[in-house]
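Worksheet: the structure to be examined is printed underneath.
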Protein chains: 2
Amino acid sequence: MSKHRPTIADIARRAGVSKVAVSYALNDRPGVSPATRASIKAIAQEIGWRPNSAARALTHARADTVGLALSRPARMLGVEPFFMELISGIETELSARGCALLLQVVTDPAQELEMYRRWWGEGRVDGVFLADVRSPDPRIEGIAELGMPAVVIGHPSAAGTLTPVWSDDSAALRDTLTYLAALGHRSVARVAGLPELIHTQLRDRAQREISAGLGLDEPVVVHTDYSGEEGAHATRRLISSATRPTAVIYDNDIMAVAGLSVAQEMGLDVPADLSLVAWDDSQLSRVVRPPLTALSRDIPAYGSHAARTLLAMVADGSAPGFEDAAARLVPRGSTAPPR
Amino acid sequence: MSKHRPTIADIARRAGVSKVAVSYALNDRPGVSPATRASIKAIAQEIGWRPNSAARALTHARADTVGLALSRPARMLGVEPFFMELISGIETELSARGCALLLQVVTDPAQELEMYRRWWGEGRVDGVFLADVRSPDPRIEGIAELGMPAVVIGHPSAAGTLTPVWSDDSAALRDTLTYLAALGHRSVARVAGLPELIHTQLRDRAQREISAGLGLDEPVVVHTDYSGEEGAHATRRLISSATRPTAVIYDNDIMAVAGLSVAQEMGLDVPADLSLVAWDDSQLSRVVRPPLTALSRDIPAYGSHAARTLLAMVADGSAPGFEDAAARLVPRGSTAPPR
DNA sequence: TCACGGCACTTACCCGGTTCAGTAACTCCG
DNA sequence: CGGAGTTACTGAACCGGGTAAGTGCCGTGA
């Protein structure tokens with residue numbers, strides 16, 4: 001028996017028709033009698049025929065694949081559940097539509113753009129996701145120039161001419177600060193992520209404005225690389241500063257856990273001496289003691305929305321942006337009125 | 001200017017030669033003069049030509065893509081740094097060779113096999129990785145039947161006729177148990193992962209054998225789904241059992257952190273009352289108090305080795321298996337002699 | 001001066017599936 | 001019973017590259 005994968009020509013030979021008839025039959029297009037169609041389909045089934053994706057891509061200029069390149073170092077990616085959950089949500093949507101995901105981990109945004117150029121030039125993808133938007137971000141303009149469908153996972157103000165899918169961080173922050181203010185906190189610091197990311201900058205600004213609006217102290221914001229080490233270090237600095245805050249918001253949960261450990265090690269009682277809030281919830285927030293009050297979002301759903309938007313863009317040439325639900329504050333044991 | 005991506009025909013027209021000459025020139029094959037070659041390359045560069053991957057795939061029957069399907073639920077994947085780090089290591093190797101990674105998150109192993117069948121049938125991938133091998137695992141035989149190059153990320157005894165890339169868990173376990181025995185522990189339990197995974201079973205057996213060899217008590221092993229919740233629950237059970245162990249090994253770090261919290265909450269001092277060891281090290285192990293003694297591996301390197309092996313299989317039809325370094329025990333504050 | 005070898009390039013056809021423009025045969029209707 | 005319309009199907013060409021087998025031209029050596 002022959003090694004090569006069956007083609008429509010093989011089916012045509014066995015069915016005694018031309019390969020065109022086979023193509024029509026298998027694609028449920030008119031032009032073949034029901035009997036012929038059935039027998040062709042039966043043969044295809046029997047010999048295990050699958051359409052060659054390259055041949056298909058060649059004719060309709062469709063790759064049925066979208067791309068995602070991530071430019072954070074491996075150890076950062078590993079520790080943040082965010083991306084894995086996002087990817088898995090993206091997948092859910094894509095696989096339902098028979099679309100594949102091409103993934104690439106690169107070291108910097110310039111490489112990422114180069115990757116996208118290559119994928120697009122080679123016709124490997126029909127569109128891409130863009131995460132971790134910076135300011136300024138050459139990827140935005142680069143992709144717009146290519147005319148490649150792209151969805152920005154981030155706020156519209158960062159998306160340029162591309163289509164954004166985002167959630168309202170400032171609403172989430174408002175809820176959190178209002179809650180902390182109601183508990184009696186006046187000095188709320190934040191251990192933030194990478195300062196060059198637009199979403200960090202938006203959170204920074206929102207925090208200043210909302211704090212001012214609520215009559216809280218001007219917030220101290222410490223920027224980090226999202227690692228536990230820097231989260232711990234930042235917490236140590238905040239605790240030992242002259243104006244020690246009574247509450248700290250962390251931009252991810254690994255830093256919040258690190259902060260909790262540091263606080264306890266320095267003899268502080270959480271939440272009595274220091275309240276902690278983690279931005280983005282995961283199992284981690286629930287397994288430590290006290291469990292962490294967290295800003296919880298359905299990240300897989302966020303990914304699904306992004307994927308749906310991108311597929312719509314690929315199909316129709318454009319699609320409206322999508323605002324996902326804001327993160328929901330889940331109070332747990334790490335927040336309380338200050339002593 | 002025309003919308004469509006440039007092809008070699010466009011280059012041929014502009015250079016005043018046939019497209020075959022262009023093909024020869026761009027692929028550095030003899031048959032064109034240096035002058036013509038240079039001018040063709042210059043034109044290609046200028047108009048931003050890239051070889052269409054579908055067309056290429058069609059002629060060489062090569063997709064320049066390998067696949068990885070993961071069948072764990074989204075929330076499990078997110079929380080375990082292992083897979084993200086593995087993927088990023090795989091990527092490092094692949095991208096250096098211009099190969100892409102097709103990723104799919106599915107819900108069960110049967111779906112995973114179906115995915116592999118489809119990818120292979122459609123010519124989308126040249127080979128795949130297989131992770132989380134079970135016993136019995138229909139994927140092994142299914143893939144072997146297809147004749148598709150595949151690397152099993154796991155022990156040779158689980159790989160059937162496929163090529164394994166693995167690390168010696170039993171050596172790592174021996175180091176750990178020897179270390180704990182030297183500290184004076186006699187009762188070492190383990191909070192293990194999914195019991196249907198072969199690698200869990202191998203660890204279980206190794207632990208029994210090594211414990212017996214060292215004269216330790218017959219180990220209590222509790223199986224979980226790797227989640228923090230189940231890790232916490234298992235720890236609670238172990239601590240309140242009649243034969244409370246003096247040390248516990250956890251099959252991942254999120255469970256170890258959960259176990260630490262539970263122990264402290266139940267009034268135990270770690271490490272004086274209970275020593276803890278985490279299998280696989282991440283930032284998490286270092287940010288909690290006390291920091292966790294861990295079995296540390298270079299997971300990205302593990303991924304790179306797997307990728308290199310798979311690429312060799314694709315190129316040569318077969319490749320030898322590869323045994324990666326065993327995990328190294330990194331003692332930290334969570335282990336000490338029992339009270 | 002002419003056969004020969006090799007260079008530089010072309011023509012023809014392939015990969016696997018899709019599309020377009022036919023072409024028989026059969027049906028319907030006036 | 002002849003012409004129009006429909007059905008079921010086929011041949012040729014195409015997508016964007018790649019390969020095998022030429023072809024024409026040049027320089028060289030006998």
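These numbers come from a predicted model, not from an experiment. Order of the sequence lines sets the chain letters (A, B, ...), proteins ahead of strands, with each chain counted from 1.
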> Could you give the CG-to-P distance, from A:Leu58 to D:dG18, as a whole number of Å?
Replying inline: 12 Å
>> Pairing donors with acceptors under 3.5 angstrom, does anything connect the side chains of A:Arg124 and A:Thr65?
In response: no
> Nearest to the side chain of A:Val20, which nucleotide is it out of D:dG11, C:dT18, C:dT10?
Replying inline: D:dG11
> What integer distance in Å separates B:Arg13:CZ from D:dG17:C1'?
Replying inline: 15 Å
> Considering only C:dG17, C:dT10, D:dC15, which nucleotide approaches the side chain of B:Ala21 most closely?
Replying inline: C:dT10
> What about B:Lys19: does its side chain form a donor-acceptor pair under 3.5 Å with the base of D:dG16?
Replying inline: no
>> Hydrogens and angles aside, do B:Gln111 and B:Thr107 bring a side-chain donor and acceptor to less than 3.5 Å of each other?
In response: yes
> Looking across every strand, which nucleic acid part, if any, lies under 4.0 Å from A:His60 by heavy atom: base, sugar-phosphate, or nothing?
Replying inline: nothing
>> Would A:Arg50 pass as a cation-pi partner of B:Trp119, given that its NZ or CZ must be under 6.0 Å from the six-membered ring centre and within 45 degrees of the axis?
In response: no
> Nearest-Å distance, CD1 (B:Ile11) to P (D:dG16)?
Replying inline: 12 Å
> D:dG16, D:dG18, C:dG16: which one has an atom nearest the side-chain heavy atoms of B:Ala55?
Replying inline: D:dG16
>> Between P on D:dT19 and CZ on B:Arg62, what's the gap in Å once rounded to a whole number?
In response: 13 Å
>> Please report the distance, rounded to the nearest Å, between CG in A:Asn52 and P in D:dC15.
In response: 18 Å
>> Below 4.0 angstrom, which residues in residues 27-37 of chain B have at least one non-hydrogen atom near DNA chain C?
In response: B:Gly31, B:Val32, B:Ser33, B:Thr36
>> With a 4.0 Å limit, can you tell me whether A:Ser23 has a side-chain N or O closer than that to the phosphate oxygens OP1/OP2 of C:dG17?
In response: no
> Contact class for B:Arg50 (heavy atom, under 4.0 Å): base, sugar-phosphate, or nothing?
Replying inline: sugar-phosphate
>> Measuring to OP1 and OP2 of C:dG16, would you say a side-chain N or O of A:Trp49 lies under 4.0 angstrom away?
In response: no
> Are B:Arg56 and D:dG16 close enough that a side-chain N or O sits under 4.0 Å from OP1 or OP2?
Replying inline: no
> Starting at CG of B:Leu26 and ending at P of D:dT19, how long is that distance when rounded to a whole Å?
Replying inline: 13 Å
>> Rounded to the nearest 0.5 Å, what separates atom CG in A:Leu310 from atom OG1 in A:Thr163?
In response: 9.0 Å
> Is the count of non-hydrogen atoms from other residues, nucleotides or ligands lying under 6.0 Å from B:Glu141 atom CD greater than 12?
Replying inline: no
> In Å, rounded to the nearest 0.5 Å, how long is the span from CG of B:Asp137 to CD1 of B:Ile198?
Replying inline: 7.0 Å
> Nearest-Å distance, CD1 (A:Ile8) to P (C:dC14)?
Replying inline: 15 Å
> Below 3.5 Å, does any donor atom in the side chain of B:Tyr24 face an acceptor in the base of C:dC7, or the other way round?
Replying inline: no
>> Under 4.0 Å, counting only non-hydrogen atoms across every strand here, what does A:Val22 touch: a base, just sugar-phosphate, or nothing?
In response: nothing
>> So that I can tick it off, tell me whether B:Lys41 and B:Asp28 are bridged by a salt bridge, with the cut-off set at under 4.0 angstrom between side-chain N and carboxylate O.
In response: yes
>> Measuring to OP1 and OP2 of D:dT10, would you say a side-chain N or O of A:Ser18 lies under 4.0 angstrom away?
In response: yes
> Does a side-chain N-to-carboxylate-O contact under 4.0 Å join A:Glu93 and A:Arg97?
Replying inline: yes
